[in-house]
Number of protein chains: 2
Amino acid sequence: MKNNENVPEIDSLLDKYKRGNVLVKECPSRRVLQSVTSRWGVLVLFRLRKGTHRFSELRRQITGVSEKMLSQTLQVLENNGFVLRIAHPVIPPHVEYQLTPNGQEVAMRVEELVVWIELNLESILSDQKELND
Amino acid sequence: MKNNENVPEIDSLLDKYKRGNVLVKECPSRRVLQSVTSRWGVLVLFRLRKGTHRFSELRRQITGVSEKMLSQTLQVLENNGFVLRIAHPVIPPHVEYQLTPNGQEVAMRVEELVVWIELNLESILSDQKELND
DNA sequence: CAGTATCCTCATTGATACTG
DNA sequence: CAGTATCAATGAGGATACTG
């Protein structure tokens with residue numbers, strides 16, 4: 001470590017390089033990207049674009065998701081500041097989830113990707129190669 | 001099964017519902033979406049937007065990806081018709097990867113998502129909740 | 001209703017070594 | 001160079017039961 005010169009400019013360059021570059025393993029942006037593009041993350045963001053939803057609504061609308069995965073996914077998105085969790089202090093519990101401003105921004109872009117795929121599914125499927133055994 | 005009337009309209013409705021709806025578990029579009037938003041899939045698509053690249057180039061540029069995962073990811077994207085693989089019959093081997101027209105379309109949308117995250121990283125990080133132990 | 005806790009499985013991933 | 005093959009480890013994910 002001592003024979004490695006600690007040149008300020010290099011540190012600064014490295015920081016800049018790492019700040020917003022998903023191609024760099026250590027860059028935080030890659031973590032954020034993964035939370036957004038995670039298996040259930042995409043679908044939750046996509047669904048919340050339509051507006052506020054309760055836990056059980058999301059659970060029913062996103063076919064195949066388990067309670068555990070949904071709750072976990074929502075927590076990650078909440079921790080990243082994309083989803084807002086609003087718990088009404090009533091019995092039985094009533095919790096609503098909605099997008100934050102940043103959440104709106106990413107969800108908008110996620111939606112464009114999703115919608116393109118949905119609309120072009122036939123074209124995509126016809127291009128797919130057969131995977132025999 | 002016999003007491004379940006096979007009404008054509010219902011079948012047709014079901015088909016339409018399943019055709020391009022990622023929220024439905026059985027819908028092929030969800031598989032396609034996952035291949036695109038997979039851990040390394042996003043990064044490969046993002047990188048290939050810049051143009052054709054060789055295997056080893058991608059391997060070096062996408063920090064942290066293993067040979068196995070890169071090759072696997074490229075195969076999936078190729079099978080879905082998003083990536084074109086061009087192998088030049090020379091020794092040593094020379095293989096290039098580029099986007100297909102459909103690949104360009106998805107990659108464009110992936111890029112918008114990625115770039116937004118990169119540009120807004122600071123805002124996102126400042127919103128993040130602390131996850132102590 | 002909206003979760004959490006626990007246990008368990010198997011798919012994804014990585015390290016290493018080898019090949020046309 | 002551009003992979004494949006093999007094995008080992010991690011963690012994503014599911015089933016079930018329980019709780020404020």
Side-chain angles (χ1 to χ4, degrees), chain A residues 22-26 30-44 47-48 52-80 83-98 129 131 133, chain B residues 22-23 25-26 30-44 47-48 52-80 83-98 129 131-133:
Chain A
V22 288
L23 295 178
V24 176
K25 184 172 57 176
E26 302 81 9
R30 193 183 278 191
R31 285 205 153 285
V32 174
L33 180 63
Q34 272 193 55
S35 76
V36 166
T37 60
S38 70
R39 178 164 180 192
W40 304 112
V42 216
L43 300 180
V44 166
R47 193 68 196 116
L48 286 181
T52 300
H53 284 288
R54 302 180 61 170
F55 186 86
S56 51
E57 288 173 346
L58 291 171
R59 173 99 164 81
R60 253 176 294 111
Q61 291 157 352
I62 303 173
T63 312
V65 69
S66 67
E67 290 187 347
K68 179 183 164 186
M69 281 303 107
L70 180 55
S71 123
Q72 191 173 301
T73 301
L74 285 166
Q75 279 182 35
V76 171
L77 291 175
E78 192 193 357
N79 288 338
N80 279 328
V83 162
L84 189 62
R85 180 181 186 276
I86 304 168
H88 299 94
V90 294
I91 292 178
H94 185 118
V95 182
E96 301 199 314
Y97 293 93
Q98 59 183 239
K129 297 197 177 171
L131 325 161
D133 31 6
Chain B
V22 288
L23 295 177
K25 185 172 58 176
E26 302 81 7
R30 193 183 279 190
R31 286 205 152 285
V32 174
L33 180 63
Q34 272 194 52
S35 76
V36 167
T37 60
S38 71
R39 178 165 182 189
W40 304 113
V42 214
L43 300 179
V44 166
R47 193 69 196 118
L48 286 181
T52 301
H53 285 289
R54 302 181 60 170
F55 185 87
S56 51
E57 287 173 346
L58 291 172
R59 173 99 164 81
R60 252 177 294 111
Q61 291 157 352
I62 303 174
T63 312
V65 69
S66 67
E67 291 187 347
K68 180 183 163 186
M69 282 303 106
L70 180 56
S71 121
Q72 192 172 302
T73 301
L74 285 166
Q75 279 181 35
V76 170
L77 291 175
E78 192 193 357
N79 289 337
N80 278 329
V83 161
L84 188 63
R85 180 182 185 275
I86 304 167
H88 298 94
V90 295
I91 294 180
H94 185 118
V95 182
E96 300 198 315
Y97 293 92
Q98 58 184 239
K129 297 199 174 169
L131 326 161
N132 340 346
D133 27 10

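In the text below, chain A, chain B and the rest are named by the order of the sequence lines, each starting its count at 1.
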Does [X] use its side chain to pair, donor to acceptor, with the backbone of [Y] at less than 3.5 Å?
{"X": "A:Arg47", "Y": "A:Gln61", "value": "no"}
{"X": "A:His88", "Y": "A:His94", "value": "yes"}
{"X": "A:Arg85", "Y": "A:Glu78", "value": "no"}

Q: With heavy atoms under 4.0 Å as the rule, sort B:Glu96 into base, sugar-phosphate or nothing.
A: nothing
Below 3.5 Å is the cut-off: list the nitrogen or oxygen pairs between protein and nucleotides 13-16 of chain D, distance only.
from   : atom 1 : to      : atom 2 : distance (Å)
D:dG13 : N7     : A:Lys68 : NZ     : 3.3
D:dG13 : O6     : A:Lys68 : NZ     : 3.2
D:dG14 : O6     : A:Lys68 : NZ     : 2.2

Could you give the distance from [atom1] ([X]) to [atom2] ([Y]), rounded to the nearest 0.5 Å?
{"X": "B:Ile86", "Y": "B:Tyr97", "atom1": "CD1", "atom2": "OH", "answer": "10.5 Å"}
{"X": "B:Leu48", "Y": "B:Glu96", "atom1": "CG", "atom2": "CD", "answer": "11.0 Å"}
{"X": "B:Asn79", "Y": "B:Ser35", "atom1": "CG", "atom2": "OG", "answer": "9.5 Å"}

Using whole Å, report how far [atom1] of [X] lies from [atom2] of [N].
{"X": "B:Leu70", "N": "D:dT4", "atom1": "CG", "atom2": "P", "answer": "10 Å"}
{"X": "A:Arg60", "N": "C:dG3", "atom1": "CZ", "atom2": "C1'", "answer": "15 Å"}
{"X": "A:Ile91", "N": "C:dG3", "atom1": "CD1", "atom2": "P", "answer": "15 Å"}
{"X": "A:Phe55", "N": "C:dC1", "atom1": "CZ", "atom2": "P", "answer": "12 Å"}
{"X": "B:Leu58", "N": "D:dG3", "atom1": "CG", "atom2": "P", "answer": "10 Å"}
{"X": "B:Leu74", "N": "C:dT13", "atom1": "CG", "atom2": "C1'", "answer": "16 Å"}
{"X": "A:Gln34", "N": "C:dT12", "atom1": "CD", "atom2": "P", "answer": "15 Å"}
{"X": "A:Glu78", "N": "C:dA2", "atom1": "CD", "atom2": "P", "answer": "15 Å"}

Does [N] have OP1 or OP2 sitting under 4.0 Å from an N or O in the side chain of [X]?
{"X": "B:Arg59", "N": "D:dA2", "answer": "no"}
{"X": "B:Arg85", "N": "D:dA2", "answer": "no"}
{"X": "A:Gln75", "N": "C:dG3", "answer": "no"}
{"X": "A:Ser71", "N": "C:dA2", "answer": "no"}
{"X": "B:Tyr97", "N": "D:dC1", "answer": "no"}

Q) Do B:Thr63 and A:Arg30 come close enough that some side-chain heavy atom pair is under 4.5 Å? A) yes
Q) Should B:Val65 and B:Leu43 count as side-chain neighbours, where that means a heavy-atom distance under 4.5 Å? A) no
Q. Does A:Arg59 CZ have over 12 foreign heavy atoms under 6.0 Å away?
A. yes
(Q) Checking A:Arg54 against A:Val95 for the side-chain contact (heavy atoms from CB on, under 4.5 Å) test, could you report, in this order, the C-alpha distance in whole Å, the side-chain angles of both residues, the deciding distance, and whether it holds? (A) CA-CA 6 Å; A:Arg54 302 180 61 170; A:Val95 182; over 6 Å; no
**Q.** Degree of bending in the helix from C:dC1-D:dG20 to C:dG20-D:dC1 once both end axes are built from five pairs, to 10°
**A.** 60°
**Q.** Residue A:Arg54, side-chain heavy atoms: nucleotide from C:dG3, C:dC1, D:dA2 that is nearest
**A.** C:dC1
